Amino acid sequence: MTGAPIVFDLRRLTQKLLDWLAGFATHEKHLHAAAVFHKVFFAWLFLHTALLLPYHAEIWAPEAFVQRYPFEPASWLEWVLTLSRHPALEAYYLVFILGQLGALTLGFFGVWPRLMTLVAYLLTMNINSLAGVILDGGNNLAQLVLFFLIFVNTSGKAIALPRWPALRGGLVAVANLAFTMIMVQIALVYFCAGIYKLNGHLWSNGMALYYILQADTYSHPVLHDLIIEWPWLSLIGSYFTVGFQMVFPYLIWSKKTRPWVIAAGVMLHLGISFGMGLFTFGLVMIAMYFAYCTEVTAMSLLRIGGRQPLHIVRYPAAGGRLLTWLRRLDIRRVLVDRRQSGEQGEDTSISVWDPERERSYNGAEALRELLVRPFLAAPLAPLVYASWYLGGLDRLQRRLQGQPQPEVTSQPS
Amino acid sequence: MSDEPVGERPDEDAVSPPKPGEQLEPKVVDPTSNVASAEPGDAKEAKPLRRPLAVVLTLMAMAVFVTHLGITLVYLSPANLLKKEGGQFADRYMKVLFYQNWHLFSPEPGISTTKFAFRCYPEGGEWGQWHDPLVSLHEDFYKHRVGAYGKLIYVYRDLAIGLKQALGRHQRTCLERYPEDDPQRYLECAPSPMMVQMVDEPSFELAMRFTRTACSALIDPDQQLAAYTFKTLEFFPLKYSEREEGVAAERPWSKVVEIPYPIFEVER
């Protein structure tokens, strides 16, 4: 007895729902994206502290001219998150700072990533408690993200606990949801900032930037003069900011609109970094966008800097000198000669094989790959790509093959 | 004809190349294939996670996720019925680990610039000129956009902002003591009478410590500091209407509010 169609459909729906739920505990949905995000975010945290390090005495030392809350020994959280404010430890603030830089370095290079995230979180909270006055929204978001990141597997390798499936399932579920929380938290920042701005008179009439860019601390003399001369820029900038903050929480979840939203966000935050001078705030917001990487993009990003071998399948004899030079630049030994006899003739075209992508390249594309893969040739990559796009590599490839260049014929009048 | 590899070839490169001219599609990777049993060597030993258990684990994690998200939304929401009911609990929960403030120049951006200025009186000398501790920092800040100057400005700018906020608090408390139509309230709650209460403020103490240190560094080494004082200045930007009236050509600010603080004599 099969039952009514609706019962069948409901059963199927239930199965799908259960599969979806079970997937959270069996599949790490952001395995590579988390690894990329972790690296970028740790690099920002390192940069933030490293930039301030030369001025450590003015910011974190006990004699610095900053207001601090007194240490409260009654609260156990104070002992964990603000221990650096303890009167007996205040003088040793540099230990916390150097410890944080050390943990961030180890974490960046994948040494005990989860432990290093926990250590980095505790030390960051302690350092931030010493000089609350220098903290901005970027630091606030960084603290929250760092906390959630403790629960995420950022190693780039799947959690392997073959004998403990339940424990593994729990860790995977927590990791998936903690990383989702990071993405939701970033969206919440824009959502709240956008909603609050809609209540502001200066944002609704488009004059917010006109006044902000007249303040010494959030401007530059060039921008100050520009906004006085061209107040229309304030209208465009203010409305763009509010519009972006309002649409980000919705459009970031769609793969189709995500690149556009991120491009707009990068533009906005570069403006904030260099125009308003909130350098680290702008950068951390851009770093946050790496949380929305797809797994395929994240894997490509993780490959950057890694060894990407390239097999030379066919290569013309006439281009021997170029190949010799490429071998000299190839200090990481990624070019592997796989030519068979008879595949080095005068008119042989170029063909290479990428074993990682399981893909072959021929002609100008093959020449492009050959020119960009050697480690020391990497800085020329933009030039090589431009030349390939404009057809320059086509001509070079024909010359290497010994083929005549196509003649340019004028249009008949 | 060379069959030798160009470099040392590790085993993982040992994928057979295609026949010449053969074009393969790029490898498509299933992002959801990140399961531990896929790890080499684990397949034989790996015990599969049974679906009911997986669902239970997910539901438990989701319960925590949804609860945290719900409390965060209550905490961040403006005054409403939810906030009225659970606002205090949300504040307590979020306070330490999850504190967040996303006003980011909203609802209205802080448009005034508050500055701190001080001057010194060396023994046997006369009052020196007013100094702004941020002048050289601002120059560096404008020259080098990549750096820590912006954050250093926050440190010294807070000397003035701390004083301004503390004074504002005392003035508000003072004004509440008088009826709104009493003209006396503005005289009693002006900055000068407030100075008696300001002395106990941490920001006041910080400003005094900073000025003393800065003056000691500024005066000649063979002289001793006899007295010092400081003030805060709040610069308001030009209004759009003033721009049209041509005020910009005369001065870069709309108005400046100056609050002087007492003169402090250095005890010997």
Side-chain angles (χ1 to χ4, degrees), chain A residues 18 21-22 24-28 31 51-52 55 65-67 77 133-134 137 140 158-160 162 165-166 169-170 173-174 177 189 192-193 196-197 199-200 202 208 211-212 214-217 220 228 274 277 295 309 311 313-314 327 333 335-338 341 344 351 353 355 357-360, chain B residues 1-2 4-9 13 15 17-18 20 22-24 26-27 31-32 34-36 39 42 45-47 49 51 53-55 57-58 61 65 76 96 100 102-104 106-109 111 113 138 141-142 145-148 150-155 158 162 202 206 210 237 243 248:
Chain A
L18 290 174
L21 284 172
F24 271 92
T26 51
H27 296 84
E28 291 182 66
L31 185 66
L51 282 175
L52 296 171
Y55 313 100
F65 297 107
V66 292
Q67 284 193 60
L77 265 174
V133 67
I134 64 160
N140 194 168
I159 297 170
V174 169
L177 289 166
V189 173
C192 293
Y196 294 147
K197 280 188 176 68
N199 292 320
L202 289 176
Y211 290 108
I212 290 173
Q214 288 187 58
D216 288 355
T217 318
H220 188 276
I228 296 284
F274 295 101
E295 280 295 272
H311 293 183
V313 181
R314 279 182 303 163
R327 282 172 179 172
R333 305 283 182 204
L335 300 183
V336 183
D337 207 330
R338 284 261 162 266
S341 58
Q344 203 183 10
S351 179
W353 163 252
R357 291 179 185 164
E358 294 188 16
R359 178 178 178 178
S360 71
Chain B
M1 179 73 207
S2 166
E4 290 297 312
V6 174
E8 283 177 22
R9 196 174 64 84
D13 295 346
V15 180
E22 185 184 353
Q23 181 74 46
L24 291 179
K27 188 179 179 181
T32 60
N34 307 316
V35 288
E39 295 283 311
D42 288 346
E45 294 176 38
K47 292 178 187 171
L49 179 64
R51 196 172 73 166
L53 185 56
V55 172
L57 287 170
T58 301
F65 173 86
L76 291 173
V96 184
Q100 46 196 290
W102 309 126
H103 278 276
L104 309 177
S106 57
E108 299 292 2
I111 55 173
T113 300
H138 268 123
F141 176 57
Y142 295 144
R145 300 308 258 181
V146 177
K151 295 242 167 178
L152 270 182
I153 286 175
Y154 291 173
V155 172
D158 200 53
L206 190 71
F210 172 80
R243 175 190 166 274

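Nothing here was measured: the structure is a model prediction, and the numbers come from that model. Reminder, nothing fancy here: chain letters follow the sequence lines and each chain counts from 1.
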Region of H138(B) in contact with chain A, defined by heavy-atom distances below 4.5 Å:
side chain
If you look at every heavy atom in Q214(A) and P237(B), which pair is closest and at what distance?
OE1-CB, 3.4 Å
Considering only heavy atoms from C-beta outward, does the side chain of L104(B) approach that of K197(A) to under 4.5 Å?
yes
What pair of heavy atoms forms the shortest contact from V55(B) to L18(A), and how long is it?
CG2-O, 3.6 Å
Calculate, to the nearest 0.5 Å, the distance between atoms CZ and CZ belonging to F274(A) and R145(B) respectively.
9.5 Å
Indicate the atoms forming the closest heavy-atom contact of D158(B) with Q67(A), along with that distance.
OD2-NE2, 4.2 Å
If you measure from OG1 on T26(A) to CG on L57(B), what distance do you get to the nearest 0.5 Å?
10.5 Å
Smallest heavy-atom separation, Y196(A) atom then S106(B) atom, equals CB-OG, 3.3 Å
Residue part contacting chain A, namely of F210(B), when any heavy atom lies under 4.5 Å
both
Do you know the tightest heavy-atom contact between A25(A) and A54(B)?
CB-O, 3.6 Å
For the interface with chain B, which of V189(A), L51(A), L77(A), L52(A) has the highest count of heavy-atom pairs at distances below 4.5 Å?
V189(A)
Is the backbone N or O of L202(A) less than 3.5 Å from a side-chain atom of E108(B), with the two atoms forming a donor-acceptor pair by type?
yes
Closest non-hydrogen atom pair between G137(A) and W102(B), with its separation
O-CZ3, 3.5 Å
Could you tell me whether a side-chain N or O of T58(B) sits under 3.5 Å from a main-chain N or O of L21(A), the two making a donor and an acceptor?
yes
Please state whether the side chain, the backbone, both or neither of I153(B) comes within less than 4.5 Å of a heavy atom of chain A.
side chain
Largest heavy-atom contact set with chain B, pairs under 4.5 Å, which of V174(A), N199(A), I228(A):
I228(A)
Enter the distance from T217(A):OG1 to Y154(B):OH here, rounded to the nearest 0.5 Å.
7.5 Å
Could you check D216(A) against Y142(B) for side-chain contact (heavy atoms from CB on, under 4.5 Å), going step by step and ending with a plain yes or no?
CA-CA 10 Å; D216(A) 288 355; Y142(B) 295 144; 3.7 Å; yes
Option in A148(B), G150(B), P202(B) with maximal non-hydrogen atom pairs under 4.5 Å from chain A:
A148(B)
